[in-house]
Amino acid sequence: MRFAIGCDHAGLSLKATLAERLQQRGHTVQDLGTDGPASCDYADFAEAVARAVSQGQADQGLLVCGTGIGMSIAANKVPGVRAAVLSDTFSARSTRQHNDANVLCLGERVVGAGLALDILDAWLDASFEGGRHQRRVDKITALEASASRSHE
Ligand code: RB5
């Protein structure tokens, strides 16, 4: 798969660790920044990664900040993005199987590198189950469409 990845200053080290794992597992990685330790705004990188997924330039996204929360809130504003902030492997597997989540968000200040790698592996090893879950995801998509119409 093609992954777009991003982080803020608080997620720089974990992003590098996870990018290496993605490449080891045969995925392509497009790193949309940030590239250094200078303080920056997570929403900028969430937007870049979310738009890459939404526009089909990437199949999935990976975002890391201090908690993963700011990244997930921002990424979920982009149509077609289903971002999940994760801190356990059960949820990582389940959100791929049930929600067809397409952007994985992690907090470098929350999970250690070992757990983050396990979460990434669980995410990569799972796939969307469709069926009743497709109906539910379709309702999320419809909600998104109606919310954007009500803003017109
Ligand atoms: C940066 O200090 C921190 O606020 C950010 O990385 C993230 O945790 C926000 O959700």
Side-chain angles (χ1 to χ4, degrees), residues 1-25 27-126 128 133 136-137 139-141 143-148 150-151:
M1 274 190 298
R2 298 163 305 155
F3 269 83
I5 70 171
C7 67
D8 70 357
H9 54 285
L12 198 59
S13 167
L14 184 57
K15 181 185 72 172
T17 301
L18 297 171
E20 196 180 326
R21 173 63 60 94
L22 283 171
Q23 284 163 336
Q24 282 166 353
R25 291 194 53 155
H27 300 287
T28 61
V29 172
Q30 183 186 12
D31 189 345
L32 300 177
T34 190
D35 303 319
S39 181
C40 60
D41 300 333
Y42 57 82
D44 295 334
F45 302 95
E47 180 183 358
V49 167
R51 288 201 188 282
V53 172
S54 173
Q55 293 166 3
Q57 291 139 15
D59 302 305
Q60 293 189 352
L62 170 68
L63 287 164
V64 189
C65 64
T67 60
I69 296 170
M71 288 295 197
S72 67
I73 292 171
N76 276 318
K77 301 296 180 195
V78 176
V81 166
R82 291 176 297 281
V85 56
L86 297 169
S87 52
D88 69 276
T89 56
F90 176 79
S91 299
R93 188 166 57 250
S94 297
T95 198
R96 286 289 304 121
Q97 292 171 334
H98 293 194
N99 312 128
D100 200 15
N102 53 13
V103 176
L104 165 55
C105 302
L106 288 161
E108 181 169 336
R109 295 172 180 163
V110 180
V111 294
L115 176 55
L117 286 165
D118 282 356
I119 289 169
L120 177 60
D121 282 338
W123 170 284
L124 293 172
D125 290 340
F128 183 49
H133 302 298
R136 294 161 186 169
V137 171
K139 289 188 177 183
I140 296 172
T141 306
L143 179 62
E144 192 174 70
S146 88
S148 79
S150 70
H151 284 107

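Everything numeric here is computed off the predicted structure, so don't read it as measured data. Whatever order the structure lists them in is the order used to number ligands and atoms, beginning at 1.
- For the side chain to side chain donor-acceptor pair (under 3.5 Å) condition, the pairs that include at least one residue of residues 97-106, sequence neighbours left out, are R82-D100, T95-N99, R96-D100.
- The salt bridge (charged side-chain N to carboxylate O under 4.0 Å, His left out) search around D31 returns K15, not counting sequence neighbours.
- Nearest heavy-atom pair across L18 and A116 is CD2-O, 3.8 Å.
- At distances below 3.5 Å, at least one donor-acceptor pair connects side-chain atoms of R2 with backbone N or O atoms of Q57.
- Contact residues for ligand 1 (protein heavy atom closer than 4.0 angstrom to any ligand atom): D8, H9, A10, Y42, C65, G66, T67, G70, R109.
- Legend: side chain to side chain donor-acceptor pair (under 3.5 Å) pairs involving residues 60-76, not counting sequence neighbours, sorted by first then second residue: Q60-W123.
- Under a cut-off of 6.0 angstrom, the local environment of CZ in F45 is crowded, with over 12 non-hydrogen atoms contributed by other residues, nucleotides or ligands.
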